[in-house]
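Working notes, structure below.
Chain letters run A, B, ... following the sequence lines, proteins first and then strands; every chain starts at 1.
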Number of protein chains: 2
Amino acid sequence: MTYAEAKETFISTWGSLGTLWGINKAMAQIQALLFISPNALTTEEIMQELQISRGNTSMNVRQLIDWGIVKKELKAGERKEYYSTEKDVQELARTIAKERSRREIKPVIKTLAEISSVKDDGTAHTKELIKQTKALHDLALTANSILEKTVDHKQNWISKSILRLMK
Amino acid sequence: MTYAEAKETFISTWGSLGTLWGINKAMAQIQALLFISPNALTTEEIMQELQISRGNTSMNVRQLIDWGIVKKELKAGERKEYYSTEKDVQELARTIAKERSRREIKPVIKTLAEISSVKDDGTAHTKELIKQTKALHDLALTANSILEKTVDHKQNWISKSILRLMK
DNA sequence: TTTAATTTTCAAAAATTATTGAAACTTATG
DNA sequence: CATAAGTTTCAATAATTTTTGAAAATTAAA
């Protein structure tokens, strides 16, 4: 496999994985490109490499910045903006986990709490709804708590010790 | 909140969450409906409750069956098929984790292994590609391993002991 | 200021993904 | 076997999401 092939495969694989997990392809591919690039890139370079429009690049870079995954870099004496992504995989995972928790999981937990406290009118339907949404609420709380602990844990999350504990 | 409102909110919330995570809305909503239903439902009932077509129902129920989340039930003396979903949230989480690992994570790990073993031609670009995809490969392997351990672990995954260990 | 480089916005177009519904298929029953 | 109940398939259509590109906005330098 040549460098060019490896690069293309990586960017396209990352794009597809993103799509599968509800992240748009351009956004995932921009992140992939920055992730393997030794230096920060300009809008022009991103457009060129991924063959996407200026508007698309601008919007998706902004989203990546909103997610806290990409940073703007300004070079002395240059007008253009340069973009770079978080290079440390663990920090990257932490940031993504934190954001998905904040944006998606926490709001669902709140909704589940409301739903599961619906007044019990004694019917089987209502009883089942309460039982099941309570169980889901519990699971979501615990899973989210682990996610958050993981996120705070500065060193070696996904540590060998946890793995050992689970064997 | 009345039962009807709670039910509607649950189904619609679950559908939206699914969409956000790359699962189609109808599929997520069918699962949600079965999840809070005290008894197994027929195609007709699902269509009726969710206001979706027969074809849509058929295809998405099939997908849920493929994922191992929904089971067909046959009632003695009845021609119709009844569908029910896994009711235990932990078992549900395990099944979903296992499937996403098998379908999505493992193939990516394989690709990352291939990419990261590209021949090092000494350029900065190649060196960075190798370094970064290796790191990602490592992370994915560890994360997937935890997922698998979790899945095998019959009792109390996401257990209090792990939580305690991480505090 | 004025000009020019660069980024952002957003309506329109394109691409993708989901849904419908009717025909084809399957299978249990009289 | 013939019929009817029920399920699946899939081409056409609809809905949604993404992308484009040019105009507007912003900002740095002349």
Side-chain angles (χ1 to χ4, degrees), chain A residues 11-34 40-67 70-85 103-104, chain B residues 11-34 40-67 70-85 103-104:
Chain A
I11 291 172
S12 119
T13 301
W14 212 232
S16 308
L17 186 66
T19 298
L20 230 37
W21 286 74
I23 287 148
N24 111 13
K25 197 180 72 169
M27 186 170 154
Q29 291 193 337
I30 292 171
Q31 200 276 327
L33 174 63
L34 295 176
L41 301 180
T42 61
T43 302
E44 213 66 48
E45 289 169 315
I46 295 170
M47 290 168 60
Q48 228 279 339
E49 290 271 10
L50 303 179
Q51 294 291 306
I52 60 177
S53 72
R54 187 175 301 285
N56 200 2
T57 305
S58 171
M59 293 184 108
N60 284 106
V61 164
R62 168 125 78 98
Q63 279 215 73
L64 285 164
I65 292 173
D66 288 347
W67 272 73
V70 160
K71 293 269 178 300
K72 226 176 241 187
E73 277 179 31
L74 299 170
K75 296 207 178 179
E78 290 231 37
R79 187 81 169 270
K80 290 195 279 285
E81 290 169 350
Y82 285 77
Y83 304 103
S84 63
T85 191
R103 300 177 183 213
E104 298 161 10
Chain B
I11 291 172
S12 121
T13 301
W14 212 234
S16 307
L17 186 66
T19 298
L20 231 37
W21 287 75
I23 287 147
N24 111 12
K25 198 180 71 172
M27 185 170 155
Q29 291 193 337
I30 293 171
Q31 200 277 326
L33 174 64
L34 296 176
L41 302 179
T42 62
T43 303
E44 215 64 50
E45 290 168 315
I46 295 169
M47 288 168 62
Q48 228 280 340
E49 290 271 10
L50 302 180
Q51 294 291 306
I52 60 178
S53 72
R54 188 175 299 284
N56 199 3
T57 305
S58 171
M59 292 184 109
N60 283 106
V61 165
R62 170 125 77 97
Q63 278 215 75
L64 285 163
I65 292 173
D66 288 347
W67 271 72
V70 161
K71 294 268 177 297
K72 226 176 243 187
E73 277 178 31
L74 299 171
K75 297 206 177 181
E78 290 231 35
R79 187 81 168 268
K80 290 194 279 285
E81 292 169 348
Y82 286 78
Y83 304 103
S84 63
T85 190
R103 299 177 184 215
E104 298 161 9

### Query
Does B:R54 get its side chain close enough to the base of D:dT7, under 3.5 Å, for a donor-acceptor pair?
no
### Task
Check whether any side-chain N or O of B:K25 sits under 4.0 Å from OP1 or OP2 of D:dT17, and answer yes or no.
no
How many angstroms lie between [atom1] in [X] and [atom2] in [Y], if you round to the nearest 0.5 Å?
| X | Y | atom1 | atom2 | value |
| --- | --- | --- | --- | --- |
| B:Q31 | B:I11 | CD | CD1 | 10.5 Å |
| B:I30 | B:N60 | CD1 | CG | 4.5 Å |
| A:E44 | A:R54 | CD | CZ | 4.5 Å |
| A:L41 | A:Q48 | CG | CD | 11.0 Å |
| A:T43 | A:Y82 | OG1 | OH | 10.5 Å |

Just how far, in rounded Å, is [atom2] of [N] from [atom1] of [X]?
| X | N | atom1 | atom2 | answer |
| --- | --- | --- | --- | --- |
| A:K72 | D:dA28 | NZ | P | 11 Å |
| B:M47 | D:dG6 | CE | C1' | 12 Å |
| A:L74 | D:dT26 | CG | C1' | 14 Å |
| B:I23 | D:dT17 | CD1 | C1' | 18 Å |
| A:Q51 | D:dT19 | CD | C1' | 14 Å |
| A:E78 | D:dT27 | CD | P | 18 Å |
| A:Q29 | D:dT19 | CD | C1' | 13 Å |
| B:I52 | D:dA14 | CD1 | C1' | 15 Å |

### Message
For the CZ atom on B:R103, are there more than 12 heavy atoms of other groups (residues, nucleotides or ligands in this structure) within a distance under 6.0 Å?
### Response
yes
### Span of DNA chain C, from the first to the last nucleotide whose atoms fall under 4.0 Å of chain B heavy atoms
C:dA18 to C:dA28
So what does [X] hit on the nucleic acid, given a heavy-atom distance under 4.0 Å: a base, only sugar-phosphate, or nothing?
| X | answer |
| --- | --- |
| B:N56 | base |
| B:T43 | sugar-phosphate |
| B:E81 | sugar-phosphate |

### Task
Quick one: closest heavy-atom pair of B:G15 and B:Q29, and the distance?
CA-CG, 3.8 Å
### Message
With nearest nucleotide decided by heavy atoms, which residue, B:K80 or B:R62, maps closer to the 5′ end of DNA chain D?
### Response
B:K80
